[in-house]
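Comments concern the structure below.
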Amino acid sequence: MKEFRAIRGTRDILPEETWRWHIVEDSAREVFGRYGFREIRTPIFEASEVFVKGTGDTTDIVQKEMYSFEDLGGNQVTLRPEGTPPVIRAHVEHRLGQGKSIDRYYYCGPMFRYERPQKGRYRQFHQIGVEVLGVEAPEVDAEVIGMAMAWLQALGVADLTLRLNTVGDEETWAAYRTALVAAQADRLDELCADCQRRHVTNPLRVLDCKKPGCQAVIADMPSIHDSLSAEAGAHFHRVQSSLESAGVPVVVDPRMVRGLDYYRLTVFEVASGALGAQDSVLGGGRYDGLVGRMGGDDVPGVGFASGVERILLAMPESESAPITDVFVVAFDEESSGKVHDIVQGMRAAGVRALTQAYDGRSKRSQGKAAHRSGAPWQIVVGPDEIAADRYTLKRVDDGYEKTVEGGELAAIAARLTRPSNSD
RNA sequence: GUGAUCGUAGUUCAAUCGGUAGAGCACCUGACUGUGACUCAGGAAGUUGCGGGUUCAAGUCCCGUCGGUCACCCCA
């Protein structure tokens with residue numbers, strides 16, 4: 001019979017690794033909670049239009065990476081490729097931003113993009129992201145960036161670099177585009193085929209090309225910082241000074257351009273040196289105008305998204321917690337009935353207890369399982385114990401033993417395994 | 001979508017020039033220990049990713065396909 005497999009670009013997150021996911025998620029809840037963010041959960045699929053309008057119909061994501069299909073009712077729907085448009089859709093749909101309200105959301109869950117898988121890139125991947133809606137002040141950009149860094153550092157993500165740039169506002173963009181197109185036009189023949197295409201579709205993206213030939217040309221291109229409008233320049237400087245006073249180290253990268261069309265003013269990215277070519281663990285920016293384009297009041301917004309798989313790749317190895325606190329071994333098959341009573345009694349008392357005394361498994365097999373479980377306590381139950389109704393809890397670490405009456409076994413086990421009192 | 005590379009037991013790998021598919025670890029049973037670890041004996045585990053082709057004979061050579069990995073592209 002043919003074996004089933006998880007389809008390309010998707011993976012099973014197995015029990016031996018889910019605990020690391022919990023660390024990342026719990027940490028996000030704790031850190032983001034300190035900043036007043038509350039969780040929002042949106043459906044994992046939406047009307048395709050949400051992304052066409054939200055993410056932008058010129059982006060690679062919308063043009064060639066979406067999992068879109070027609071459902072049985074004839075609706076065009078898409079598995080979400082990113083989190084921001086659905087959050088804004090929900091915010092607008094439920095009229096959550098009234099008057100001058102400031103709304104802080106975080107989300108957490110799977111995203112889908114049809115790309116060729118490689119290290120740190122999957123077709124179903126997981127993001128944890130935040131959005132702040134309703135604040136124009138550059139200090140909130142710095143606040144969100146600072147929070148991201150604090151979180152990643154708390155997780156121990158290795159070798160972090162925060163890169164910051166501004167893509168300006170509408171006025172900046174018009175001026176810069178003109179300057180850039182003019183400068184590129186002179187040396188178009190020196191650019192690669194992709195960049196010649198970008199020259200027409202999105203001249204800003206040429207700056208991101210890593211090909212040596214293009215790099216030489218890019219080095220001579222005007223910087224966006226020369227075209228910055230007064231407002232955009234002031235915003236960028238206030239973000240920088242705010243980050244500086246918060247003690248967050250920043251690398252300003254005048255060439256950094258993000259791939260999503262909706263970004264305005266601040267853009268940023270956090271990379272880890274522990275990763276491969278896909279080294280970005282988190283990215284985001286400001287998207288003033290997007291909420292208005294999606295049918296809401298024209299409130300400003302800023303946020304980021306992080307890739308959980310990439311964070312996990314860049315986090316230090318650590319030992320998993322034991323799967324149980326007390327492992328109970330049946331000395332012989334006749335004792336296994338009592339073993340099950342004991343295990344169930346301890347569970348009822350709130351103790352994590354486990355046995356493998358099933359199907360006549362040998363002591364050897366049970367003992368190995370006990371060892372593998374990492375249980376700090378073990379009990380061996382045989383005819384002697386059952387006859388005397390006295391059982392011995394043995395601490396694996398140092399061999400300490402405590403023998404108790406059957407009637408109080410569960411209660412004593414509960415006390416011994418509580419982290420606060422050791423005896 | 002493009003390129004490189006790799007697919008043999010649960011896993012890590014071996015198999016000469018094309019000539020009977022093997023080992024360590026893990027797993028299971030038994031012996032020895034009132035558990036485990038150590039030692040000894042045994043066991044289970046494979047249509048060599050899949051489909052064609054060449055050959056007396058293919059894990060090995062050829063073609064195709066699927067999948068993994070890495071990179072381009074793009075992004076988290």
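Order of the sequence lines fixes the chain letters, A, B, ..., with proteins taken first and strands second; residue numbering starts at 1 for each chain. These numbers come from a predicted model, not from an experiment.
A/Arg258 has a side-chain polar atom (N or O) that falls below the 4.0 Å cut-off from OP1 or OP2 of B/A76. Distances shown here put a side-chain N or O of A/Ser362 below 4.0 Å from the OP1 or OP2 atom of B/U29. Distances shorter than 4.0 Å separate some side-chain N or O of A/Gln118 from OP1 or OP2 on B/A71. Phosphate contact (OP1/OP2 of B/C28, side-chain N/O of A/Ser365, threshold under 4.0 Å): present. Listed pair A/Arg123 / B/G67 fails the phosphate criterion, with no side-chain N or O lying under 4.0 Å from OP1 or OP2. Look at A/Arg372 and you'll find a side-chain N or O under 4.0 angstrom from OP1 or OP2 of B/C27. Look at A/Lys368 and you'll find a side-chain N or O under 4.0 angstrom from OP1 or OP2 of B/C27.
Counting to the nearest Å, the P atom of B/C75 and the CZ atom of A/Arg113 are 8 Å from each other. Distance A/Glu115 CD to B/C73 P: 13 Å, rounded to the nearest Å. Taking atom CZ of residue A/Arg364 and atom C1' of nucleotide B/U35, one finds them 12 Å apart after rounding to whole Å. Atom CD of A/Gln366 is separated from atom P of B/G30 by 11 Å (rounded to the nearest Å). Atoms CD (A/Glu82) and P (B/C74) sit 17 Å apart, rounded to a whole Å. Atom CG in A/Asp279 sits about 11 Å away from atom C1' in B/A76, given to the nearest Å. Rounding to whole angstrom units, CD of residue A/Gln63 and P of B/C74 are separated by 12 Å. Spacing between atom CZ of A/Arg8 and atom P of B/G49 amounts to 18 Å, rounded to whole angstrom units.
Within 3.5 Å, a donor on the side chain of A/Arg121 pairs with an acceptor on the base of B/C73, or the reverse. Residue side chain A/Glu65 does not reach the base of B/C75 through any donor-acceptor N/O pair under 3.5 Å, judged by distance alone.
Shown here, B/U20 forms no base pair; nothing in the strands shown gives a Watson-Crick or G-U wobble contact with both key distances under 3.5 Å. The pairing partner recorded for B/A4 is B/U69, the criterion being a Watson-Crick or G-U wobble arrangement whose two distances lie under 3.5 angstrom. In this structure, B/G64 forms a base pair with B/C50, meeting either the Watson-Crick or the G-U wobble geometry with both donor-acceptor distances under 3.5 Å. Across all strands shown, B/A15 forms no Watson-Crick or G-U wobble pair with both key distances under 3.5 Å. Nucleotide B/C27 forms a pair with B/G43, judged by Watson-Crick or G-U wobble geometry with both contacts under 3.5 Å.
Annotation: cation-pi geometry not satisfied between A/Lys394 and A/Tyr400 (NZ/CZ under 6.0 angstrom from ring centroid, within 45° of ring axis).
Within the 4.5 Å cutoff, side-chain heavy atoms of A/Thr10 are placed close to those of A/Gln124.
If you check every strand for non-hydrogen atoms under 4.0 Å, A/Arg361 touches sugar and phosphate atoms only. At a threshold of 4.0 angstrom between heavy atoms, the contacts of A/Tyr122 include nucleobase atoms, whether or not backbone atoms are also involved. A/Gly9 comes within contact range of the sugar-phosphate backbone alone, with a heavy-atom separation under 4.0 Å but no base atom that close. Using a 4.0 Å heavy-atom distance criterion, A/Gly120 is classed as a base contact. Within 4.0 Å (heavy atoms only), A/Ala370 reaches no atom of the nucleic acid at all. Within 4.0 Å (heavy atoms only), A/Gly283 reaches sugar-phosphate atoms of the nucleic acid but no base atom.
With P as the reference atom, B/G51 and B/A44 are 26 Å apart, rounded to whole Å. Taking atom P on both B/G68 and B/G49, the two are 16 Å apart, rounded to the nearest angstrom. Nucleotides B/U12 and B/A45, compared at atom C1', are 16 Å apart to the nearest Å. Going from the P atom of B/C25 to that of B/C40 covers 10 Å, rounded to whole Å. Atom P of B/G3 sits at a distance of 11 Å from the matching atom of B/U65, rounded to the whole Å. Nucleotides B/U48 and B/G59 place their P atoms 7 Å apart, quoted to the nearest Å. Comparing the same atom, C1', in B/U55 and in B/G24 gives a spacing of 35 Å after rounding to whole Å. B/C61 and B/G7: their P atoms are spaced 10 Å apart (whole Å).
Between A/Phe69 and A/Phe45, the ring-plane angle classifies as tilted under the 30° and 60° cut-offs. Between A/His340 and A/Tyr358, the angle of the ring planes lies from 30° to 60°, which puts this pair in the tilted group.
Relative to the side chain of A/Gln127, the nucleotides B/A71, B/C74, B/A76 differ in distance, and B/A76 lies closest. Comparing atom distances between the A/Lys394 side chain and each of B/C70, B/U35, B/C74 picks out B/U35 as nearest.
Both A/Gly360 and A/Glu385 lie near RNA chain B, and the one whose nearest nucleotide falls closer to the 5' end is A/Gly360. Projected onto RNA chain B by closest heavy-atom contact, A/Glu269 and A/Val380 fall at different nucleotides, the more 5' of which corresponds to A/Val380.
For the side chain to side chain contact (heavy atoms under 4.5 Å, CB included) criterion with A/Arg286, the lone passing option out of A/Val132, A/Asp169, A/Thr166, A/Val140 is A/Val140. For the side chain to side chain donor-acceptor pair (under 3.5 Å) criterion with A/Gln356, the lone passing option out of A/Ser336, A/Ser373, A/Ser365 is A/Ser365.
Residue A/Gln378 holds its CD atom at 10.5 Å from CD of A/Gln366, rounded to the nearest 0.5 Å.
There is no side-chain donor-acceptor pair under 3.5 Å between A/Ser227 and A/Thr172.
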